[in-house]
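Down below is the structure, laid out as structure tokens.
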Amino acid sequence: MINLDDLNSIQKEAVSYLDGPLLILAGAGSGKTKVLTYKIAYILDSGLAGLDNILAVTFTNKAAGEMKERINRLLRLSSNLKDSSIENMPWVGTFHSICVKILKRYGENIGLNRNFTIYDSSDQKEAIKEAMKVLNISVKEFNPGAIHSYISSAKNELITPEEYNEFAQGYFQSIVAKVYPQYQKILKENNALDFDDLLLLGVKLLKQNDAVLKYFTENFRYILVDEYQDTNHAQYTLIKMLASMHRNIYVVGDDDQSIYAFRGANIRNILNFEKDYPEAKVVKLEQNYRSTKLILEASHQVISKNRNRKEKKLWTENNEGEKIKVFSAEDEQKEGTWITGKIAELGSDYNLNNIAVLYRTNAQSRVLEESFINAGIPYRIVGSVGFYERKEIKDILAYLRVIFNPKDNKNLERIINVPKRGIGKKTFEELLSQATQNNLSIVEYLNIYRNEVDSPGLKLAADLFSNFIAQKTNLPILELIDLILKSTKYIEMLSDGTLENESRIENIKELLSVAVRFNDLSPEEALEQFLDEVSLLEAVSVNRDTAVAVTLMTIHSAKGLEFEHVFVSGMEENLFPHINSVTSEDELEEERRLAYVALTRAKNKLYLSYAQRRRYFGSTQLNPVSRFLRDIEKELLDEEIKRYDYNITDDYEETKKFTELFSKYKVGDRVKHEYFGKGTVEKIDSEVIVVDFGAVYGKKELMIEYARLEKIK
């Protein structure tokens, strides 16, 4: 038999329980992967099921591969197993890979040709564009990526093209309702599926074909799901159907680490597991093998403020550990200097791979990168690219470089058709040839021969750069960038409601924080020095890819990882928690779970920092210290500078007095929010005001004390 001596008593209980549904609540660092692999090996080794009778689902191919390797290793140690190889274990994989196998076998039952191809993101975008062309919908007016994002969300909610129109709200979604059926028609004509179809059609197959459902429900005697808190509606439905006969469903997850609602994950799936399976046993893995006692206590003090969670508290046999270092910086640059200074104190012999710096938004990396470059400390960015390597930043810098140096054809090539002006590669090459023959740069050529150019796009580009270059001696650099953004409609190009482009807009705004430092110089001098500084930063940042380096990443990217030393920067209200979330209790709870994830990445030492004033998006902000930092008792903290007031409270009962500020609003009123824009009030009660902000942001439930609405006519 499989030897369980390597497990603690609760882990053994979870592994050996085989009598029906089981919810394993696995806290951070409690060995959930270990329990999951032991459980699969235990079932196989006990002879309760064969390789074909176990369905084990996870979220990445890497995790599935590692799971197979661990199970194989355990089985090879068992004296009872004759054939120890499970490398071909057919039903261990991701949700999507499992659905591919099901559809390949039985998809013909719903009219699917088994030789279907799966479109990648590029293919999907082209299919969306083709659908829009058929429908005479402008790709300039409606971003194909945004339309596909809405279709993807619909599929993950199991909403078909025929049903979507019933759910569409606002003008943009009415356009999506037209594109969705045409997009599906194009996929069908090409015998193709997109990634989301795999789940949608997998569920459809099981719902419409009793024989297929019966086969799989009989065959899968045991079903195990990893990271159950991250499942969306389609994944939840698929698993629930497959487990309907034997009900031997074992899910592993941690509701306190549910941080992917923006991807469609529904925390209710794990919170309501016992409602779906009333006979379920619940096992809590609360022994942590990662962090010190003090870090776990601080983490609990933060996460325990959430109302929608399963009660549990991590404990450890590890040592007490050092108090959490807290630093109140004067500004964001002093914060970066403090972080690199603390790392330098560890000495040159310390392995930098054991250190991580975490932040809430990608835009924050800019200041941190500069601090690391100035300190000469190697770093790597995980889950993203360096600030100055991001496409949107390179685009704006290319505009500025051409304005500063109109002979720069290389940078012009990058942005002459960004945003799109109908200037293709062939047109550019012909233009370059003509300019070269006249011994001119392209900008110079367009300025002289503008009236001889046939292309409307080239005429527009000529007008734009003529205006930009004329203004470079008059406008401060901030105003020059603003002129570029408004004249080219670059922000409008990105304003499609997708999270990816929201992050890009934030990055562009953060570039303004660099530019504002040159405000005291003359316009031309400011532009030159700004570009020189940026170029030097770009050149020096090549040390990012060294083998030994500090890891910089967003907190979302850090989930599942651990480090000896963890720095969490930007512990301020409106940054962390993010300003987008403080108006909704559900979104605020997700932000608190994100804080919990950040704190529990640390094994030995944890550092928290915030800035009293932060130049963010080109303006200076004075935000209070984050409520997540105030959640932690002072006794656990070692404050290097004590400048914040613990008497500030976010207790909702104490802030009800502010609701009277909103008594003037009534249903039907038009209002404006600083982030979501203009909307219409749909509902008001003592705690919440519901506003419909239209196609991009939809309906938002705003907590009255944080709503900050302005009444408009």
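Every heavy atom of this structure was used, including side-chain atoms; hydrogens, water molecules and symmetry mates were not.
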Single hit among Arg592, Arg309, Arg593 for side chain to side chain donor-acceptor pair (under 3.5 Å) with Asp256: Arg309

Sole residue of Glu335, Lys325, Glu332, Glu572 in side chain to side chain donor-acceptor pair (under 3.5 Å) with Ser609: Glu335

Gap between atom [atom2] of [Y] and atom [atom1] of [X] - 0.5 Å precision:
X	Y	atom1	atom2	result
Asn604	Thr292	CG	OG1	7.0 Å
Leu23	Leu271	CG	CG	9.5 Å
Gln301	Glu633	CD	CD	4.0 Å
Asn156	Phe195	CG	CZ	10.0 Å
Ile355	Thr551	CD1	OG1	9.0 Å

Results of side-chain hydrogen bond (donor to acceptor under 3.5 Å, both in side chains) for Ser97 - residues two or more places apart only: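 Here the qualifying residues are Thr94.
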
Set of side-chain hydrogen bond (donor to acceptor under 3.5 Å, both in side chains) partners for Thr231, sequence neighbours left out: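 Per chain and number, Thr231 pairs via side-chain hydrogen bond (donor to acceptor under 3.5 Å, both in side chains) with Asn269.
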
From CA spacing to verdict: side-chain contact (heavy atoms from CB on, under 4.5 Å), Lys284, Ile10: CA-CA 8 Å; Lys284 298 178 182 180; Ile10 304 300; 5.9 Å; no

Heavy-atom pair of closest approach, residues Thr58 and Ala64: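 Scanning both residues completely, I find the closest heavy atoms to be CG2-N, 3.5 Å.
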
Minimum heavy-atom distance Pro278-Arg247, with the two atoms named: CD-NH2, 4.3 Å

Taking atom types as modelled, is there a side-chain donor on [X] or [Y] under 3.5 Å from an acceptor on the other?
X	Y	answer
Tyr222	His246	no
Ser328	Gln612	yes
Glu369	Tyr379	yes
Arg504	Asn501	yes
Gln229	Glu227	yes

Test log, rule side-chain contact (heavy atoms from CB on, under 4.5 Å), inputs Phe387 and Val367: CA-CA 9 Å; Phe387 183 80; Val367 173; over 6 Å; no

Quick one, [X] and [Y] - any side-chain contact, counting heavy atoms below 4.5 Å?
X	Y	answer
Asn266	Tyr236	no
Lys312	His300	no
Glu573	Val625	no
Val57	Gln235	no
Pro577	Arg627	yes
Phe327	Met571	no

Aromatic Phe567 / basic Lys342 pairing, under 6.0 angstrom, 45° off normal: no

N-O pairing of Lys293 and Glu320 below 4.0 Å: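 Here Lys293 does not pair with Glu320 in a salt bridge, since their nearest N and O are not under 4.0 Å apart.
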
NZ/NE/NH1/NH2 to OD/OE distance under 4.0 Å, Lys605 and Glu322: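 So Lys605 pairs with Glu322 through a salt bridge.
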
Lys32 and its side-chain contact (heavy atoms from CB on, under 4.5 Å) partner, picked from Ile24, Leu25, Asp226: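 That would be Asp226.
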
Option from Leu599, Asn318, Thr316 for which side-chain contact (heavy atoms from CB on, under 4.5 Å) with Leu296 holds: Thr316

Worked check of side-chain contact (heavy atoms from CB on, under 4.5 Å) between Val326 and Tyr610: CA-CA 8 Å; Val326 176; Tyr610 64 96; 4.2 Å; yes

Whether over 12 other heavy atoms sit under 6.0 Å from Asp276 CG: yes

Test log, rule side-chain contact (heavy atoms from CB on, under 4.5 Å), inputs Asn353 and Arg380: CA-CA 10 Å; Asn353 290 334; Arg380 68 172 67 91; 3.1 Å; yes

Aromatic plane relationship, Phe262 with Tyr260 - under 30° parallel, 30 to 60° tilted, over 60° perpendicular: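 Rings of Tyr260 and Phe262: perpendicular, as their planes differ by over 60°.
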
Aromatic ring pairing Phe220/Trp91, orientation class (parallel under 30°, perpendicular over 60°, tilted between): perpendicular

Intermediate values then yes/no, salt bridge (Lys or Arg N to Asp or Glu O under 4.0 Å), Glu157 and Lys155: CA-CA 5 Å; Glu157 290 297 321; Lys155 290 182 178 181; over 6 Å; no

Close aromatic pair by centroid cut-off 6.0 Å: Phe628 and Phe576: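 Between Phe576 and Phe628, which both carry aromatic rings, the centre distance is below 6.0 Å.
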
Steps toward side-chain hydrogen bond (donor to acceptor under 3.5 Å, both in side chains) verdict (Arg360, Ser626): CA-CA 12 Å; Arg360 175 62 181 83; Ser626 171; over 6 Å; no

